[in-house]
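Beneath this line is the structure, given in structure tokens, with notes to follow.
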Amino acid sequence: MLKTLASYIKQYKNVSIITALCTIGEVALETALPLVTAAIIDQGIEAGNLTKIFLYGGLMILMAAGSLCCGLGSAHFGAQAAMGFGSNLRDGMYRKIQTYSFSNIDKFSTAGLVTRLTTDVTNIQNAYMMLLRMCLRAPITLICAMVLSFMINPAVASAFLVAAILLGTLLVVLSLTAMKYFDQTFDRYDDLNASVQENVTGIRVVKAFVREDYEKKKFKSAAENIYKMFVKAEKIIAYNNPAMMLTVYSVMLVLSWVSAHMIVAGNMTTGNLSSLLQYCMSVLMSLMMLSMVFVMLSMAIASARRIAEVLNEEPDLVNPPHPFFEVPDGSVDFSHVYFSYHKTARKDVLFDIDFHVKAGETIGIMGGTGTGKTSLVNLISRLYDVTQGKVMVGGHNVRDYDLEALRNEVSVVLQNNQLFSGTILENLRWGNENATEEECIEACKMACADEFIQRMPDGYNTHIEQGGTNVSGGQRQRLCIARALLKKPKVLILDDSTSAVDTATDAKIRKAFREQIPNTTKFIISQRVSSIEDADKIIVLEDGHVDGFGTHEELMENNEIYRSIYESQTQGSGDFDEVGGD
């Protein structure tokens, strides 16, 4: 874990070293100041030597100024190192997430990843800042103060040592006890973020079903869980402060009483007493600093584990040693394919899938909910890997292709259409960032999107809200189809991507596909027979296996499932939206 995180300090190593040197310089000057104070008292004030007072006073001012400069340098460079470290961690995690396959992403909740990228990284960078400054400053101050105290008076300094050992032991016990609660707290943060994310994403549904009170209670429950865990941890840590204060003032009282007798007996000077009192405060304040460091490190260790999980997660899908970078054509072959989402699953999602598609053919896919339609098409672009068998695209196993090259030639319009904040043109250019406006318009005409875009006040420069909330479901689907067409793929997959489009517009889109992209292999998943009945071949899936494969006419004769679906949809007046709009 530490090795993983340390690699992200990178270019901030030198700044971190400068921070440490500044901190050491600050501590050295601060711990030397009491000795100068003692000299002013003993050799200047009590001896009535004004020259010594000015000499040591000037030296004290210089040392204080030097300590201030070192402190400022430590703060400046420490902040630069800590913020840079945090930035590198966020960037590293985000880049690693981009390499994940769907199966990797399934291991982490969206809310959990957000928490790791925000709260957990903030905890790490704060802890790193404290590590460079307080965690370095406190033990050095403690050691220097103890050594100088023993040089002044070993008997009195022994009391400091006993107090330091007792408080240090108490500190370790309290921190270790509190750490287990901090570990649990960040899991509660995931629940809180999940509650917020679901509520904001589905706010229209929440309001439509008048579930605001339910969502408030749900959020309050998640917030209270975090509150309870922090209270448990802080209750334990809270014992640290009174114990520190009790020890500090007890030692100071004992020191004053013992030292007073020594001064009267002539075994100690007033200046030495002043120095010892300052060193007493330095020792005990150092212990208090260490207590704060332990609390922060307890939280940081919990965060570090969660961050390391993301950084150490190895992508399930990787490029082969010598991949193919070109897809020859859009032919697709499934050879006795089996697939399950988890290796330990008792039952495969797909089993013994075997069919062959020529380049340029249109393939319809039909089946009930949960029969494996989306799982099947996800294997073509290698969003998942098969468990057994082979998926071939352009005559080569998909595992032999460069992932980016394969996915650039297999364009997928997913079941859940996603648009991003920005203009319509910016969204379309996700398909091809170098596409001209004319190419975007042509793709939109093919997807029957141009007609409604032209009616918008700003046309193709109309701003799309996050998630496409300011356009209808049918419009969103057509924009996503146009975006996929801009890639000019060899294989186009529409995963129930015209479900919100009326049948007349659906027919126009399919006609445009036949006429304008005849060489592109098209897979169309649909629950409407009218959307796929003119396909070259139709696959009927049932419980994870191919129940039928053939033309519309062949399936009407030979496949009971397809025939019953067709009859149920065509009896009566047909599709209700045959002439409708969106």
Side-chain angles (χ1 to χ4, degrees), residues 12-83 128-154 156-157 159-161 164 248 251-252 255-256 259-260 262-263 267-290 292-293:
Y12 297 100
K13 287 180 181 178
N14 292 337
V15 180
S16 299
I17 293 170
I18 292 172
T19 302
L21 292 175
C22 287
T23 301
I24 293 170
E26 182 185 13
V27 170
L29 291 170
E30 282 187 1
T31 51
L33 279 172
L35 297 177
V36 181
T37 304
I40 291 175
I41 294 172
D42 294 337
Q43 299 177 34
I45 297 173
E46 290 190 351
N49 190 331
L50 194 61
T51 302
K52 291 284 187 181
I53 293 175
F54 282 117
L55 178 63
Y56 286 119
L59 179 60
M60 180 179 285
I61 291 172
L62 289 174
M63 291 173 68
S67 177
L68 176 63
C69 291
C70 288
L72 290 173
S74 175
H76 172 76
F77 292 112
Q80 188 177 340
M83 298 306 110
Y128 188 61
M129 166 77 89
M130 194 170 281
L131 190 69
L132 289 175
R133 301 195 67 210
M134 283 192 186
C135 197
L136 188 63
R137 175 190 178 89
I140 293 176
T141 301
L142 181 64
I143 293 169
C144 290
M146 288 297 299
V147 169
L148 292 171
S149 296
F150 271 96
M151 289 173 62
I152 294 171
N153 193 304
V156 175
F160 298 173
L161 183 60
V248 167
V251 170
M252 289 183 71
L255 174 62
S256 300
S259 299
M262 287 185 173
I263 291 172
N267 296 324
M268 182 184 291
T269 65
T270 307
N272 287 339
L273 173 59
S274 173
S275 298
L276 285 172
L277 286 171
Q278 290 183 63
Y279 287 135
C280 173
M281 287 300 298
S282 294
V283 168
L284 299 172
M285 288 303 294
S286 296
L287 286 171
M288 291 187 72
M289 275 191 221
L290 284 175
M292 294 172 62
V293 169

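- In plain terms, the two heavy atoms of Q43 and Y56 that are nearest each other are OE1-OH, 3.2 Å.
- With rounding to the nearest 0.5 angstrom, the CD1 atom of I61 is 13.0 Å from the CG atom of L68.
- The two residues C22 and S74 have their closest heavy-atom pair at CB-N, 3.6 Å.
- Taking CZ of F77 as the reference point, atom CD1 of I17 lies at 12.5 Å (rounded to 0.5 Å).
- When atom types are taken as modelled, the side chain of T23 and the backbone of T19 share a donor-acceptor pair closer than 3.5 angstrom.
- In this structure, L132 and A81 approach most closely via the heavy-atom pair CD1-CB, 3.9 Å.
- Note that CG of L72 is 8.5 Å distant from CD of E26, once rounded to the nearest 0.5 Å.
- A distance-only check finds no donor-acceptor pair linking the side chain of S67 to the backbone of M63 [under 3.5 Å].
- Of all heavy-atom pairs spanning S16 and Y128, the tightest one is OG-OH, 2.6 Å.
- Remark: M151 CE is loosely packed, at most 12 non-hydrogen atoms of other residues, nucleotides or ligands lying under 6.0 Å away.
- A distance of 10.5 Å separates CD1 of I53 from CD1 of I41, quoted to the nearest 0.5 Å.
- Nearest heavy-atom pair across A75 and M129 is O-CE, 4.4 Å.
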- Message: Assess the residue pair I140 and I24 against the criterion (side-chain contact (heavy atoms from CB on, under 4.5 Å)); give the C-alpha distance rounded to whole Å, side-chain angles, the decisive distance to 0.1 Å, and a yes or no.
- Response: CA-CA 7 Å; I140 293 176; I24 293 170; 3.6 Å; yes
